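These numbers come from the heavy atoms of this one structure, side chains and all, not from hydrogens, waters or symmetry mates. Computed from a predicted model, the values in this text were never measured in an experiment.
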Number of protein chains: 2
Amino acid sequence: MHPRAGQTKKRTRIQAKNEAKILEAALDIFATFGFRGTTIDQIAQKAEMSKPNLLYYFRRKEDIYISVLERTLDEWLTPLTELDPDGDPIEEIGKYTSLKLKMSQNDPTASRLFANEILHGAPMIEHVLKGSLKNLVDEKAAVIHHWVKAGKLTKVDPYHLIFMIWATTQHYADFKIQMRAILGDDVDQPDYYEKAGQTISTVFFEGIKPR
Amino acid sequence: MHPRAGQTKKRTRIQAKNEAKILEAALDIFATFGFRGTTIDQIAQKAEMSKPNLLYYFRRKEDIYISVLERTLDEWLTPLTELDPDGDPIEEIGKYTSLKLKMSQNDPTASRLFANEILHGAPMIEHVLKGSLKNLVDEKAAVIHHWVKAGKLTKVDPYHLIFMIWATTQHYADFKIQMRAILGDDVDQPDYYEKAGQTISTVFFEGIKPR
DNA sequence: CGTTAATTTGACCAAATGGTCAGAAATTTA
DNA sequence: TAAATTTCTGACCATTTGGTCAAATTAACG
């Protein structure tokens, strides 16, 4: 029987293994070439199986894509959920920024996957953006707003601050090729990200205006 | 005779008009769907001409794409060239940031076009990135380095500072759909960008740590 | 006006690609 | 081991799409 036919049916060992293999391969390919730029054959080749066999597990290309997006999304949102309202504002934002930067360093494909999707109008995950993402951001923006009101942060708009953090950190995943063109292979060494983190921290906390 | 056959040949009135029409249409489509996601038919339709007629002016899809990239690139690099070594550092960086943000507001397609190209590995413009872009950035990074040495800026790495400015400002073009999902239609109003500019300025100049 | 050159189009082709299907091979289960 | 079920594959199909071409139409020019 087809593995997707019944959702309640128990998953086979082979099924679990192959689905994982496909999704892992697909993440890489989709992140590099986007949805339309990716062919099923590419994924199949990377997952070391024939195209019809891959289509035995996922009926349509779109199904693979959505699965990959969903699977990556949780991991992607987690850091923001950990922003603690009761913690020290500077420390909390520092931790969050640093964590996001680390994710750009260690798993740039996830960032690129979303960048692609959003650039193309987010046709597949618009409802997620307007749903759980919006809710989460609204919640954390309120936390930051509270910190500002309490005088624990300079007066800034919480939403734009969050956007700035996303922008600066994800830039290190999405635009790494541009950085490599400018700085050469230094960008592949760990101390590159250390320097990035230092600069980001300094600018975010102190600003560039000397005192 | 084919218009592309002889480069030195004078361009017809019709030729100039249609080429411009094509490139304008192509910018929009390529920025939205990327290179592979774009079909010649889409561009032809938007430019209000038949596909074979479009191919009369540009032999291959790639030719259109490269033309669009080249045409947009100059405009894209101009602001950085205007960073004046003899000006006041804070003022110069402020002007640059504000100009880039305005460009994201008024011509987001250009930003998205490059974001797409770079995300996909910059296959068409790698040589430009390693050439004129690298040179320009090296030059301006030296200027910033000088400012830092002179104590006119907080101690930050010039390259990472430039990357931060790119990231934050271009984010408002590339990720506008995500912002709209979170903030609604406010993002289409002018005071949205004003608020963005204020927040960016505050963070960049003062930092978020209250004093 | 009439000739020449530029422009436009419909019809068409070949390759790429998403997806199907009948049946072979392998695995599980009784 | 034998039947039942799952997994896998080669061959195949339909559509999309980049690109060609001969011929028709229009514009330019002497």
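F58(B) places its CZ atom 16 Å from the P atom of dG18(D), with the value rounded to the nearest Å. Atom pair N18(B):CG and dT26(D):C1' shows a separation of 13 Å (rounding to whole Å applied). Between Y57(B) atom OH and dT9(C) atom P the separation is 10 Å, expressed in whole Å. In this structure, the CD1 atom of I64(A) is 13 Å from the C1' atom of dT17(C), given to the nearest Å. Taking atom CG of D63(A) as the reference point, atom P of dG18(C) lies 13 Å away to the nearest angstrom. Protein atom CD1 of I40(B) is 20 Å distant from nucleotide atom P of dC12(C), rounded to whole Å. Note: CZ (R36(B)) to P (dT16(D)) measures 17 Å, nearest angstrom. Whole-Å rounding puts the Q42(A) CD to dA16(C) C1' distance at 12 Å.
Every residue meeting the ring-ring contact (aromatic ring centres under 6.0 Å, His included) condition with W166(A), not counting sequence neighbours, appears here in chain and number order: F163(A). With sequence neighbours excluded, the residues that form a ring-ring contact (aromatic ring centres under 6.0 Å, His included) with H171(A) are F175(A). Applying the side-chain hydrogen bond (donor to acceptor under 3.5 Å, both in side chains) criterion to T169(B), with sequence neighbours excluded, gives no partner residue.
Phosphate proximity of dC21(D) to R59(B): absent, as no side-chain N or O sits under 4.0 Å from OP1 or OP2. Close to dT7(D), at under 4.0 Å from its OP1 or OP2, lies a side-chain N or O of Q15(A).
Looking at every heavy atom in both residues, N116(B) comes nearest to A31(B) through ND2-O, 3.3 Å.
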Can you pull every protein N or O that's under 3.5 Å from an N or O on nucleotides 25-30 of chain C?
| from | atom 1 | to | atom 2 | distance (Å) |
| --- | --- | --- | --- | --- |
| dT28(C) | OP1 | R13(A) | NH2 | 2.7 |

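Residue-environment remark: NE2 (H127(B)) exceeds the threshold of 12 foreign heavy atoms within 6.0 Å. Residue K102(B) qualifies as open at atom NZ: its count of foreign heavy atoms under 6.0 Å is 12 or below.
Interface residues of residues 43-54 of chain A facing DNA chain C, ordered by number: K51(A), P52(A); criterion, heavy-atom separation under 4.0 Å.
Ring orientation note: the planes of F35(B) and F30(B) are close to parallel, at an angle under 30° on the 30°/60° scale.
Considering only side-chain atoms of Y56(A), the nucleotide from dG19(C), dT6(D), dT17(D) that sits closest is dT6(D).
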Review item, side-chain donor-acceptor pairs of residues 196-203 of chain B, under 3.5 Å, at least two apart:
| from | atom 1 | to | atom 2 | distance (Å) |
| --- | --- | --- | --- | --- |
| T199(B) | OG1 | K195(B) | O | 2.9 |
| S201(B) | OG | G197(B) | O | 3.0 |
| T202(B) | OG1 | Q198(B) | O | 2.8 |

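Salt bridge K21(B)/E24(B): absent, no basic N to carboxylate O contact under 4.0 Å.
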